[in-house]
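Right, I'll just put the structure down here and ask away after.
When a ligand or atom number is given, it counts from 1 through the structure's own listing order. For this chain, numbers begin at 1 and follow the sequence in order.
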Amino acid sequence: AKSAGGNRFELADEEADARAITRHGLTTALPAALDRGEFFIEYQPLVHLGDGSVRGAEALVRWLHPQHGVLGPDRFIPLAEHTGLIVPLGRWVLEQSVRQAREWRERYDDAGPLRINVNLSPCQLTHPGLVQDTVDILERAGVEPDALCLEVTESALIGADDDLLKPLRRLAEMGVDIALDDFGTGYSNLANLRRLPVSILKLDRSFTQSMQQFPADPVDLKIVEGIVSLAHSLDLAVTVEGVETGAQAEQLRILGCDTAQGWYYARPGPPERLHELALVDATG
Ligand code: C2E
Ligand code: CA
Ligand code: CA
Ligand code: CA
């Protein structure tokens with residue numbers, strides 16, 4: 001007879017198996033999913049904290065899996081990185097996003113130029129085709145490099161040597177903005193910022209979360225204030241993510257942050273949502 005403990009153990013094992021099967025299943029399904037067009041992109045607006053205008057959007061990829069429904073990037077990006085599929089997938093995301101940016105720009109040229117932010121995984125950074133692929137995609141779409149911002153996580157650039165930074169420098173020289181994503185999650189040496197070809201810091205959501213309480217944690221306030229003033233003294237703009245309330249937005253605006261993104265403004269959604277937001281903004 002099995003003991004209760006034994007049963008629990010088996011159950012845990014089964015769960016682990018199920019997870020492993022899903023992981024395995026998802027991993028093997030990835031290449032065909034790209035061919036079959038099962039990926040799609042949602043866009044989340046980037047809003048200027050000073051005047052509330054929509055300045056652009058971040059592209060966030062999703063997978064409409066025939067059995068599992070819509071899967072978020074956290075479910076499959078790590079698998080795509082592991083298998084190398086992230087390179088063609090990332091190229092696809094970039095191409096779609098840049099085309100979308102062209103459409104926005106054509107439609108709303110008087111609403112101010114809308115820009116597109118696209119996430120780059122560390123594997124794409126080390127892929128030799130990155131610069132040429134990006135140039136080709138921009139040219140094919142007829143989009144100026146200054147409409148594009150590539151987001152690279154702070155952790156991907158920790159201890160980055162010149163070989164890793166070279167393609168980013170070339171893109172930056174062309175006019176593409178490079179943003180340091182998830183900034184402040186605790187690894188990088190602030191002085192190191194000077195040698196990175198970045199023009200935007202994206203403050204990690206954890207800082208925004210700490211603005212939720214009122215009054216906000218005074219130490220967190222000081223840290224954000226310090227990061228913002230350092231960033232501005234280095235000519236970097238500061239974007240904050242994960243803004244869920246008006247109080248957070250107001251606090252971050254007072255602290256000097258430039259741009260914000262979060263559910264308070266809009267959840268990630270189809271490109272038409274941005275049309276609506278930008279249109280309201282342009283006319284109202
Ligand atoms: P990220 O770049 O930090 O993107 C921001 C994440 O925060 C998104 O999650 C977004 O939906 C979520 N978010 C936005 N506003 C709020 C808010 O107000 N509150 C909260 N709690 N969350 C908010 P998502 O879409 O699940 O993406 C997760 C991560 O997947 C992204 O984090 C990014 O690292 C990665 N990712 C997404 N698309 C791509 C892609 O095309 N390529 C690569 N390499 N990575 C991607
Ligand atoms: Ca990002
Ligand atoms: Ca982020
Ligand atoms: Ca993140």
The Ca ion (ligand 2) and Glu241: any N/O/S contact shorter than 3.0 Å?
no
Within the 4.0 Å heavy-atom shell around Ser121, which atoms of ligand 1 are there?
44 (N)
Step through the shown structure and confirm whether more than 12 heavy atoms of other residues, nucleotides or ligands are within 6.0 Å of CZ on Arg75.
no
In Å and rounded to the nearest 0.5 Å, what is the OG1 to CD distance from Thr239 to Glu151?
8.0 Å
Approximate separation, where rounding is to 0.5 Å, of Ile137 CD1 and Leu94 CG
4.0 Å
Atom 20 (C) of ligand 1: of Glu151, Gln248, Glu244, Glu81, the nearest heavy atom sits on Glu244
Arg253 side-chain N/O to Gly50 backbone N/O, donor-acceptor pair under 3.5 Å:
no
What I'd like to find out is whether the side chain of Tyr43 reaches to under 4.5 Å of the side chain of Ile116, using heavy atoms alone.
yes
What part of Val61 sits under 4.0 Å from ligand 1 if we count only heavy atoms: the side chain, the backbone, both or neither?
both
Taking heavy atoms and a distance under 4.0 Å, where does Asp182 meet ligand 1: side chain, backbone, both or neither?
side chain
Using a strict cut-off of 4.0 Å, indicate which atoms of ligand 1 neighbour a heavy atom of Val243.
18 (O)
Closest approach to the Ca ion (ligand 3) by Asp182, given as the N, O or S atom name
OD1
Examine ligand 1 and decide if any of its atoms is less than 4.0 Å from a heavy atom belonging to Arg205.
yes
Under 3.5 Å between any N/O of Gln44 and any N/O of ligand 1: does that happen in this structure?
yes
State the atom name: nearest N, O or S atom of Glu151 to the Ca ion (ligand 2).
OE1
Region of Asp74 engaging ligand 1 - heavy atom pairs below 4.0 Å
side chain
Would you call the rings of Trp63 and Phe76 parallel, tilted or perpendicular if under 30° counts as parallel and over 60° as perpendicular?
perpendicular
Under 4.0 Å from ligand 1, counting heavy atoms only, is it the side chain of Asp181, its backbone, both or neither?
side chain
Looking at the Ca ion (ligand 2), is there an N, O or S atom belonging to Glu58 that lies under 3.0 Å away from it?
yes
Could you list which atoms of ligand 1 come closer than 4.0 Å to a heavy atom of Pro73?
24 (P), 25 (O), 26 (O), 27 (O), 28 (C), 30 (O), 36 (N), 37 (C)
Please confirm whether Leu60 comes within less than 3.5 Å of ligand 1 when only nitrogen or oxygen atoms on both sides are compared.
no
Spatial distance of atom OG1 (Thr153) from atom NZ (Lys202) [nearest 0.5 Å]
12.0 Å
Would you say Glu58 and ligand 1 have an N/O pair spaced under 3.5 Å apart?
yes
May I ask you to check if any N/O/S atom from Asp204 comes under 3.0 Å of the Ca ion (ligand 3)?
no
Which value, rounded to the nearest 0.5 Å, describes the distance between Cys257 atom SG and Glu241 atom CD?
11.5 Å
Heavy-atom contact under 4.0 Å between Gly242 and ligand 1?
yes
Is Leu274 close to Gln100 at the side-chain level, that is, under 4.5 Å between some pair of heavy atoms?
no
N or O pair under 3.5 Å between Arg62 and ligand 1:
yes
With a 6.0 Å cut-off (strictly less than), is the heavy-atom count around NE2 of His232, excluding the residue itself, greater than 12?
yes
Looking at Asp181, the N, O or S atom sitting nearest the Ca ion (ligand 2) is OD2
Is the distance between the Ca ion (ligand 2) and the nearest N/O/S atom of Asn117 smaller than 3.0 Å?
no
Charged N to carboxylate O under 4.0 angstrom, Glu173 versus Arg169?
no
Applying the 4.5 Å side-chain criterion to the ILVMFWY set and letting contacts propagate, would Phe207 and Leu193 be lumped into a single cluster?
yes
Taking heavy atoms and a distance under 4.0 Å, where does Pro268 meet ligand 1: side chain, backbone, both or neither?
side chain
Is any side-chain heavy atom of Gln261 closer than 4.5 Å to a side-chain heavy atom of Tyr265?
no
Just wondering, do Leu252 and Met211 contact through their side chains at under 4.5 Å, heavy atoms?
yes
Report yes if some N/O of Gln261 lies less than 3.5 Å from some N/O of ligand 1; otherwise report no.
no
Would you check whether Glu241 reaches within less than 4.0 Å of ligand 1, judged by its heavy atoms?
yes
